[in-house]
Amino acid sequence: MNYFKDILAVSLSKEIETFTKNELLELIEVPDPKMGDLAFPCFKLAKVFRKAPHMISKELVEKLNFNDEFSSVKAVGPYINVFINNSALLKYFKQEFTDNKILKPLPRLNKNIPIDYSSPNIAKPIAFHHIRSTVIGNAISNLFEFIGYDLKRINYLGDWGTQFGKLSVAFKKWGSEKELDEKGIKHLLEIYVKYHEESKNDKTLDAEARKLFKLTEDGDEEALALWKRFRDISIKEFNRIYDILGVKFTHIEGESRYAPVLNETIELIKSKVHTEISQGALIIPLEEENMPPVLLKKMDGATLYATRDIAAAIDRYERFNFARSLYAVGSQQKLYFQQLKVVLKKMGYDWADKIKHIDFGMVKGMSTRKGNLVFLEDVLNEAIALSKEKILEKGRVPESEIDEVARKVGVGAIIFGDLKSSRINDFEFNWEDLLNFSGYSGPYVQYSYTRVKSIMRKSDIKDYTNADLSLLKEDIEIELVKELLKFPEIIQKAAENDELYFLAKYSYSISKLMANFHRFVHVLKAEPELQKARLFLLSKVADTIQTTLSILGIETVENM
RNA sequence: GGUUCGGUAGCUCAGCUGGAUAGAGCAACGGCCUUCUAAGCCGUGGGUCGCAGGUUCGAAUCCUGCCCGAAUCACCA
C-alpha cells in the first residue's frame with residue numbers, strides 16, 4: 001500500500017508547495033474501506049491557506065493528475081478519498097508476490113542482537129507465567145531475524161545463588177536418589193518446599209545452606225558436582241518443554257558464567273563510578289538520577305543480581321558487539337533496567353543506550369486452589385489434549401499425524417493467546433479463554449490455512465505462475481489482495497514497537513477475509529483460467545499466513 | 001507518599017503522533033451443514049470511552065486536577 005500512498009503524495013506535492021512530499025505522505029490515512037483505499041484530510045491545509053477544508057479538497061481534486069493508478073479521486077467534505085484502480089493493484093500484487101519476494105526475510109545486516117528470554121531458575125519446574133518471556137522473546141527474535149539481524153538467543157538461567165545451598169542441604173536431608181530419577185525436577189521442588197517449611201523453625205538450616213553454597217563458590221568438587229547435577233536435570237526438563245513449544249535458543253548459559261569474574265567486575269565498577277558503603281552494603285548511589293541506589297554487595301559480602309548483570313552486559317557487548325541488546329523480562333523490573341543502563345552509562349559505556357528492556361505485564365488470576373504453581377507443561381498438555389479430542393471428532397487427520405497436529409494446534413492456541421494483545425497488559429490466566437479455540441485465536445488462523453491448502457490440493461492445477469490476475473473481479477478478492485500487500489508495513493510496525501500483536505491481528509484479519517471468500521467465491525468450479533488466478537491468490541494467502549505465524553513461533557498444519 | 005503503567009460493551013482487548021456513524025473476540029440470543037474442512041458463516045442485543053475542567057473548527061485520543069487498580073521504591077531475582 002505504501003506504493004500507492006507514495007504516488008498520491010507525489011501528486012499532491014506538485015500542487016501544494018507549503019508541505020514537503022514526506023509531510024503529505026504522513027497525512028495520508030487509510031480510512032474505512034467504504035470511503036476509499038486512501039484518504040487525504042485537508043484540515044492541516046485549511047490552517048495554512050485560511051480557507052475551509054471542504055473548499056480545499058474540492059479545488060485540489062480538480063487539479064490533481066494521475067496515470068491509471070486510481071479509479072476514483074473524489075472530494076468528500078474535507079477529505080479527498082481515493083480508490084485504487086484494480087488493474088494497477090493486481091499488477092503490483094503480481095509483481096510483489098512473484099517468488100514471494102514480499103514475504104522473504106530482509107537482506108542480512110551483519111549486525112548482532114543478543115536477546116535474553118525465558119531464563120528460568122533451575123531446580124524449579126517452569127511455571128505457567130514463564131510462558132510470557134519465553135514466547136515473547138522467541139517471537140521478537142524471529143521478527144528481528146526476519147528484518148535482517150543476527151540473533152543471539154540466550155537462555156540466561158538462574159543457576160547461581162544461595163538457593164543452591166538450600167537445595168543441597170535439602171537434598172542431603174530429605175532427598176532420594178530414586179525419586180530424583182523418577183520425578184526429576186519435581187522432586188527438587190518438593191524438597192525445596194520442605195526446606196522452607198523446616199527453616200522457619202530451624203535457623204541452623206540457613207547457616208548450613210550458606211556454608212554449602214560457599215563451598216560451591218570456592219570450587220569444592222563434591223558441592224560442585226551436586227550443583228551440576230541439579231543444573232543438568234533442570235536443563236533436560238526445560239528442553240523437553242521448549243521442544244513442545246517449538247522454542248529455540250542459541251546460547252544456554254546462566255548467572256554461574258559470571259561467578260568467577262564478580263570480584264574483578266566490582267573492582268572495575270569501583271574504578272569507574274563512585275561507590276560507597278551504606279548500612280554495611282556496597283552501593284552505587286543514584287541520587288542525581290533520582291533513583292534508588294544499586295546494590296553490588298550485601299552486608300555479608302555476597303553479590304547480588306545487579307553485579308552479575310553488569311558483568312553479563314559487558315560480556316555480551318564484548319562477545320557480540322551488539323546493535324541492540326534485548327531483555328524479555330517482566331515490567332516489574334522496569335526500574336531495575338533503568339538503573340542498570342544508568343550505571344553502565346556512568347561507567348562510560350555509550351552502548352548502554354542500545355540496551356532495551358522488552359517488558360510485559362504479569363500473569364494474574366492463576367488458580368491457586370492447591371496452593372501451588374500452575375506448571376506450564378500442564379497447561380500445554382491440557383491444550384494439546386483438547387485439540388486432540390477435536391481432531392478425533394473431525395477425523396480428517398491421518399492416524400500417524402494426530403499427535404503432531406494436536407501439539408501444533410494446542411500450543412498454537414497458547415502462544416497466540418499470549419501474543420494477541422499488547423505486551424504491557426497483564427495476562428489474565430483463565431482456562432476458558434486459554435482453551436477457547438474459536439474467534440480471535442491461533443486455531444482459527446491455522447484452520448483458515450488448512451481450508452486454503454485443502455482447495456489447493458483438490459485442484460488439478462498446480463502451477464499458477466502465469467495466472468492472469470486481471471480475472472479477479474470479486475470485491476472480496478480485491479480486499480484480500482489489499483490485505484496481503486500490507487505485510488511489509490505490519491512487519492515494520494511490529495518491529496518499531498516490539499509488539500507482536502500487530503502480527504497476530506494481521507493473521508486474523510486475513511483469515512477473516514478468507515472466511516468471506518469461501519462464502520462468495522468458489523474456486524474448483526471456476527473455469528480453468530479463473531481457477532488458476534484464484535489459486536494464485538489463495539497460495540499467497542497461505543504463504544502470508546504461514547510466514548506471519550512462523551514469526552510468532554506458531555506452526556501451520558495441513559489438516560485439522 | 002514518590003515514580004511508572006493502566007481504567008473503552010457483562011468479560012478479554014484494539015483504536016490514543018487529535019479527524020468522517022467508537023471496533024474485534026468471548027459470553028448471551030436467533031438462524032445456516034445434499035455446496036472447495038461448521039475449530040466455520042450470517043444476524044440481534046449490549047457503550048455517560050473512570051470523573052471534572054481546559055486547549056480547538058473538532059477530544060476516547062493532547063493538557064491539568066481528582067478517583068480507582070497494578071507494579072515498583074536497599075541487601076530477592
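Lettering of chains follows the sequences in order, A, B, ..., and the numbering in each one begins at 1. All values derive from a computational prediction rather than experimental measurement.
The six-membered or imidazole ring of A:Phe337 lies near that of A:Tyr327, with a centre-to-centre distance under 6.0 Å. Aromatic ring centres of A:Tyr156 and A:Tyr117: separated by at least 6.0 Å.
Not one side-chain nitrogen or oxygen of A:Arg457 sits closer than 4.0 Å to the OP1 or OP2 atom of B:U37. For A:Asn516, no side-chain nitrogen or oxygen approaches OP1 or OP2 of B:G40 to under 4.0 Å. Between A:Arg308 and B:A77 there is a side-chain N or O to OP1 or OP2 distance below 4.0 Å.
Side-chain proximity of A:Asn425 to the nucleotides B:G40, B:C13, B:C36 is greatest for B:C13. Considering only the side chain of A:Met35, B:A20 comes nearest among B:A20, B:C36, B:A77. Here the side chain of A:Asn81 is nearest to one of B:A20, B:G40, B:U35, namely B:A20. Listed candidates were B:U4, B:U35, B:C36. Nearest to the side chain of A:Lys334 is B:U4.
Between A:Asp498 and A:Lys356 a salt bridge is recorded (basic side-chain N to carboxylate O distance below 4.0 Å). A salt bridge does not link A:Lys493 with A:Glu499: every distance from a Lys NZ or Arg NE/NH1/NH2 to an Asp or Glu carboxylate oxygen is 4.0 Å or more.
In this structure, A:His522 counts as stacked on the base of B:C36 under the 5.5 Å centre distance and 30° plane angle limits.
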Nucleotide N/O to protein N/O under 3.5 Å, stretch nucleotides 24-30 of chain B:
from: B:G25; atom 1: OP1; to: A:Lys512; atom 2: NZ; distance (Å): 3.4
from: B:G25; atom 1: O2'; to: A:Tyr440; atom 2: N; distance (Å): 3.3
from: B:C26; atom 1: O3'; to: A:Asn436; atom 2: ND2; distance (Å): 3.0

Atom pairs under 3.5 Å: protein N/O with N/O of nucleotides 67-74 of chain B:
from: B:A74; atom 1: N1; to: A:Ser278; atom 2: OG; distance (Å): 2.8

